[in-house]
There are 2 protein chains.
Amino acid sequence: MDQLDSSIADKLGQRGYRLTPQRLMVLAAIENSDDHVSAEEIYAQVVARYPYVNISTVYRTLELLKELGLVTEIDLGEGRVRYHPVDKGHHHHLVCQKCGAIIDVDESTLARLQDVLLARYNFSASLRHVAIFGTCGKCRQQQ
Amino acid sequence: MDQLDSSIADKLGQRGYRLTPQRLMVLAAIENSDDHVSAEEIYAQVVARYPYVNISTVYRTLELLKELGLVTEIDLGEGRVRYHPVDKGHHHHLVCQKCGAIIDVDESTLARLQDVLLARYNFSASLRHVAIFGTCGKCRQQQ
DNA sequence: GTTGCTGGTGCGACTTTTCGCAGTTGCCAT
DNA sequence: ATGGCAACTGCGAAAAGTCGCACCAGCAAC
């Protein structure tokens, strides 16, 4: 984690940002979690260690980490956004709107679309962690 | 509009729903608007005609119209969702996160992805009105 | 060391959207 | 007509997230 810290400290430092204890604790909480974490869950973890943090600080830190490309955000349609550390791998999700099943999809699946958008519209799409809604095979069978 | 009304009344009736004055007014407000409307804008239009409507009713009606496939929803990253009547045509949007430019994209652009997801994951993706975030050519040139 | 500047935090208020609840409305069967 | 039932609505409250403001921290220049 020391090496991680210092590489993040570098990234922040290069842009004139500080690596404050609050930011470290938010980062640790994300790395600490197995999978996609919500802001509220991160907040709970941080509060356990330092009760004076404010949830705004958590949101602001997440915003910053997104900008730096350290975490990705995803909305799986639960009414709350979830976060995922980039260094734990990229992937996408197919969300069935009938049964709620979530199918994980390889990063490469969207590579072609990314190419098309770049070629045709000169637009560099940021498709690192995307949720696609629809209906899974099982639910379509059941009429 | 009469014919439209009755076809919608049919769709609703088949499922045991009613075509109430509130729902008619919400629908009229959406059809009445040139482009993508927010719930607040729809609410404002409806209130002008009937001041006792509640914004919850607007949201609930929009939810219903989505389910019936009459309107699509889109989040262009402004902190509020916008709605679009299906009968005014389908399309997608590329949203530049640097300058905020919005590039309209033809429906067919995502057809191939839809095919791949169906073939590979047996998943029928609902990609009728999608926002893709990234960086436009102009903003990438400016370093 | 102190002045000034930028960045960061906590707090409270606010926005957008959802939800539970109680009361209405329309309809069907008796 | 009236009793029952499901759909619908308005209302108030709550959840998730954002924002302005005032204050604090770190640092550089003098």
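Owing to the predicted nature of the structure, the values given are computational and were not obtained by experimental measurement. So that the names make sense, note that chain A is the first sequence line, chain B the second, and so on, each numbered from 1.
- Candidate nucleotides D:dG17, D:dC8, C:dT16 were compared by shortest atom distance to the side chain of A:Val81, and D:dG17 ranks first.
- As rounded to whole Å, 14 Å separates atom P of D:dA7 from atom CG of B:Leu68.
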What side-chain donor-acceptor pairs closer than 3.5 Å can you find for residues 115-126 of chain A, not counting sequence neighbours?
| residue | atom | partner | partner atom | Å |
| --- | --- | --- | --- | --- |
| A:Asn122 | OD1 | B:Arg140 | NH2 | 2.9 |

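- In this structure, the CD atom of A:Glu78 is 15 Å from the C1' atom of D:dG17, given to the nearest Å.
- Evaluation of the salt bridge (charged side-chain N to carboxylate O under 4.0 Å, His left out) test over residues 45-73 of chain B, restricted to residues two or more places apart or in two chains, returns B:Glu63-B:Lys66, B:Lys66-B:Glu73.
- Ring centroid separation for the pair A:His129 and A:His92 does not come in under the 6.0 Å cut-off.
- Per the geometry, CD belonging to A:Gln22 stands 19 Å off P belonging to D:dC23, to the nearest Å.
- Regarding B:Arg80, its CZ atom lies at a distance of 11 Å from the P atom of D:dC19, rounded to whole Å.
- Taking B:Glu107 as the reference, B:His90 meet the side-chain hydrogen bond (donor to acceptor under 3.5 Å, both in side chains) condition, with sequence neighbours excluded.
- For the pair A:Leu19 CG and D:dA25 P, the interatomic distance rounds to 18 Å; values are reported in whole Å.
- Connectivity analysis of hydrophobic side chains (ILVMFWY, heavy atoms under 4.5 Å, direct or indirect) links B:Ile102 to B:Ile74, B:Leu76, B:Val95, B:Phe133.
- Near DNA chain D, meaning a heavy atom under 4.0 Å away, the residues from residues 40-52 of chain B are B:Tyr50, B:Tyr52.
- Between A:Ser38 and D:dA16 there is no side-chain polar atom (N or O) within less than 4.0 angstrom of OP1 or OP2.
- Not one side-chain nitrogen or oxygen of B:Thr57 sits closer than 4.0 Å to the OP1 or OP2 atom of D:dC8.
- In this structure, the CZ atom of B:Arg23 is 12 Å from the C1' atom of C:dT25, given to the nearest Å.
- Partners of B:Asp104 by side-chain hydrogen bond (donor to acceptor under 3.5 Å, both in side chains), not counting sequence neighbours, listed by chain and number: B:His93.
- Comparing A:Arg15 and B:Ala39 against DNA chain C, the residue whose closest nucleotide sits nearer the 5' end is A:Arg15.
- B:Tyr17 places its OH atom 14 Å from the P atom of D:dA6, with the value rounded to the nearest Å.
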Taking N or O atoms only and anything under 3.5 Å, show me the protein contacts with nucleotides 18-24 of chain C, one pair per line.
| residue | atom | partner | partner atom | Å |
| --- | --- | --- | --- | --- |
| C:dC19 | N4 | B:Ser56 | OG | 3.2 |

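- Taking B:Tyr52 as the reference, B:Tyr50 meet the side chain to side chain contact (heavy atoms under 4.5 Å, CB included) condition, with sequence neighbours excluded.
- No hydrogens or angles considered: a donor-acceptor pair under 3.5 Å links the side chains of A:Ser33 and A:Gln45.
- In this structure A:Thr20 satisfies the side-chain hydrogen bond (donor to acceptor under 3.5 Å, both in side chains) test with no other residue, sequence neighbours excluded.
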